[in-house]
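Just below is one structure, and these are the notes that go with it.
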There are 2 protein chains.
Amino acid sequence: MTERPDRVDQLIATWRSELPTALTQTSELSKRVMVLAADLDAASRRVFDELGLTATEFDVLAALRRSGKPYRLRSNELSKSLLLSTGGTSNVINRLVARRLAERDADPGDGRSTRISLTPDGVALAEKALIANSRAHESVFAPVPARYVQAATGALRDVFTATDTRP
Amino acid sequence: MTERPDRVDQLIATWRSELPTALTQTSELSKRVMVLAADLDAASRRVFDELGLTATEFDVLAALRRSGKPYRLRSNELSKSLLLSTGGTSNVINRLVARRLAERDADPGDGRSTRISLTPDGVALAEKALIANSRAHESVFAPVPARYVQAATGALRDVFTATDTRP
DNA sequence: CCTCGATAGCTTTCCGGAAAGCTTTCGCCT
DNA sequence: AGGCGAAAGCTTTCCGGAAAGCTATCGAGG
């Protein structure tokens, strides 16, 4: 055991005494990632609540904004890239359209398909949400020295690199 | 840019060209953590689906198992430690009780309170789920050299250490 | 000893995304 | 040119946890 145990060390120690077979070589890394992600997610949710967005609505706005002008994607592209069901995606789009944050129109190249694009209000809200979310995540790391942030970023990049398509 | 860009590098590069103000010093770390957590979560969901459990049911079973014999906690303790609403917690407990995985009884020390404990079947399923989940997470890291896992674990520990109560 | 604000947690309603089911369209193959 | 399996996405139903609302109990303070 190194240094002063933190909450993940305490969790691992509890499992080691309660159910050692539940631990593997990568359990600590898994747990640290999941705990950190939960903290980041909680910070995100505070931002989304203030903006009146669900996490999925945010994801859709962000995906459209990231696609560049004219901020338009097919429904199918949104479902696949955001790992959503087609029905769920349609309902999220319905809500964004109702709030005039997005528009839906037919795809001239495929009669089955629809294209979703951001309205000017949608672009503005997407940008506001993205910046606010980034700031919220930055706040989570505020107490962490920059060299620790850089080291962790590099170490995780190595983890990603070792798995070509997925970690 | 180092080495061969991975999917997070591509995301960051896209944002740098689309909306640079949405990036901070910690954006890459945030994104790597969230992407990795999503992969781990997907692996978990496959395990939970096979066992007929929701993620929250799993969390409750795990929390009770982790508490050690007699695997009993108050409802309040479950809600707080798992960041659930009291209503939601009660409903999850209802389902576990209906499947005879948990039992609910009155707290002799506080008439308002109830105590939740695992049945023998609940203990068995909790252990099975915990081990399977650990294995699933281990599989996500299978392609990663042990030294990268250890480096990433250490680097994240430093991140945790820098924030006393939360990262 | 009594009052009352706070706590505990349950029931019921609400809501958002999953999923079932369906229609329309596409494109390959004969 | 027509048939048919697959694709696209919509509507509707389902489900699980959040949250509103409520009752019972606790414990501090007068």
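Just the heavy atoms: all of them, side chains too, but no hydrogens, waters or symmetry mates, feed the values below. Predicted model only: the values in this text are computed from it and were never measured. Letters go in sequence order (proteins before strands), and every chain restarts at 1.
As judged by a 4.0 angstrom heavy-atom cut-off over every strand, B:Arg104 is placed among residues touching the sugar-phosphate backbone only. The residue B:Asp107 sits apart from the nucleic acid: no heavy atom pair falls under 4.0 Å.
Atom CG in A:Asp110 sits about 7 Å away from atom P in D:dG9, given to the nearest Å. Between the P atom of D:dG16 and the CZ atom of B:Phe48 lies a distance of 15 Å, rounded to the nearest Å. With rounding to whole Å, A:Arg74 atom CZ is found 6 Å from D:dG9 atom P. Between B:Asp105 atom CG and C:dC10 atom C1' the separation is 16 Å, expressed in whole Å. We find that CG of B:Asp59 is positioned 15 Å from P of D:dG16, with the value rounded to whole Å.
The residue among A:Pro108 and B:Ile93 whose nearest nucleotide of DNA chain C is located toward the 5' end is B:Ile93.
Nearest to the side chain of B:Asn76, among C:dA8, C:dT25, D:dG9, sits C:dA8. Nearest nucleotide to the side chain of A:Ser90, out of C:dT11, C:dA8, D:dT11: D:dT11.
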Report, one line per pair, each donor and acceptor closer than 3.5 Å where one atom sits in a side chain of residues 102-109 of chain A; sequence neighbours left out.
{"unit_1": "A:Arg104", "atom_1": "NH1", "unit_2": "A:Asn94", "atom_2": "OD1", "d": "2.8"}
{"unit_1": "A:Arg104", "atom_1": "NH2", "unit_2": "A:Ser90", "atom_2": "O", "d": "3.4"}
{"unit_1": "A:Arg104", "atom_1": "NH2", "unit_2": "A:Ser90", "atom_2": "OG", "d": "3.3"}
{"unit_1": "A:Arg104", "atom_1": "NH2", "unit_2": "A:Asn94", "atom_2": "OD1", "d": "3.1"}
{"unit_1": "A:Asp105", "atom_1": "OD2", "unit_2": "A:Arg115", "atom_2": "NE", "d": "3.4"}
{"unit_1": "A:Asp105", "atom_1": "OD2", "unit_2": "A:Arg115", "atom_2": "NH2", "d": "3.0"}
{"unit_1": "A:Asp107", "atom_1": "OD1", "unit_2": "A:Gly109", "atom_2": "N", "d": "2.9"}

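Residue B:Asn94 has a polar side-chain atom (N or O) positioned under 4.0 Å from OP1 or OP2 of C:dT11. Between C:dG9 and B:Ser113, a contact under 4.0 Å exists linking OP1 or OP2 to a side-chain N or O.
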> So B:Arg66 and A:Thr14, side chain to side chain donor-acceptor pair (under 3.5 Å) or not? Walk me through it.
Replying inline: CA-CA 7 Å; B:Arg66 187 169 64 240; A:Thr14 303; 5.8 Å; no
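Side-chain contact, B:Thr119 with B:Arg100: no donor N or O sits under 3.5 Å from an acceptor N or O. Side-chain contact annotation: A:His137 with A:Ser44, donor-acceptor N/O pair under 3.5 Å present. Between the side chains of B:Thr24 and B:Thr26, at least one donor N or O lies within less than 3.5 Å of an accepting N or O.
Minimum interatomic distance between A:Val33 and B:Ala37 (heavy atoms only, all atoms of both residues): CG1-N, 3.8 Å. For the pair B:Leu61 and B:Gly122, the tightest heavy-atom approach, listed with the atom from each and the gap, is CD2-O, 4.4 Å.
For B:Arg112 against C:dT7, a side-chain-to-base donor-acceptor contact under 3.5 Å is present.
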Measure all distances between protein nitrogen or oxygen atoms and nitrogen or oxygen atoms of nucleotides 17-20 of chain C, and list the pairs falling under 3.5 Å.
{"unit_1": "C:dG17", "atom_1": "OP1", "unit_2": "A:Thr54", "atom_2": "OG1", "d": "3.0"}
{"unit_1": "C:dG17", "atom_1": "OP1", "unit_2": "A:Thr56", "atom_2": "OG1", "d": "2.8"}
{"unit_1": "C:dG17", "atom_1": "OP2", "unit_2": "A:Arg95", "atom_2": "NH2", "d": "2.4"}
{"unit_1": "C:dA18", "atom_1": "OP2", "unit_2": "A:Ser85", "atom_2": "N", "d": "3.3"}
{"unit_1": "C:dA18", "atom_1": "OP2", "unit_2": "A:Ser85", "atom_2": "OG", "d": "3.1"}

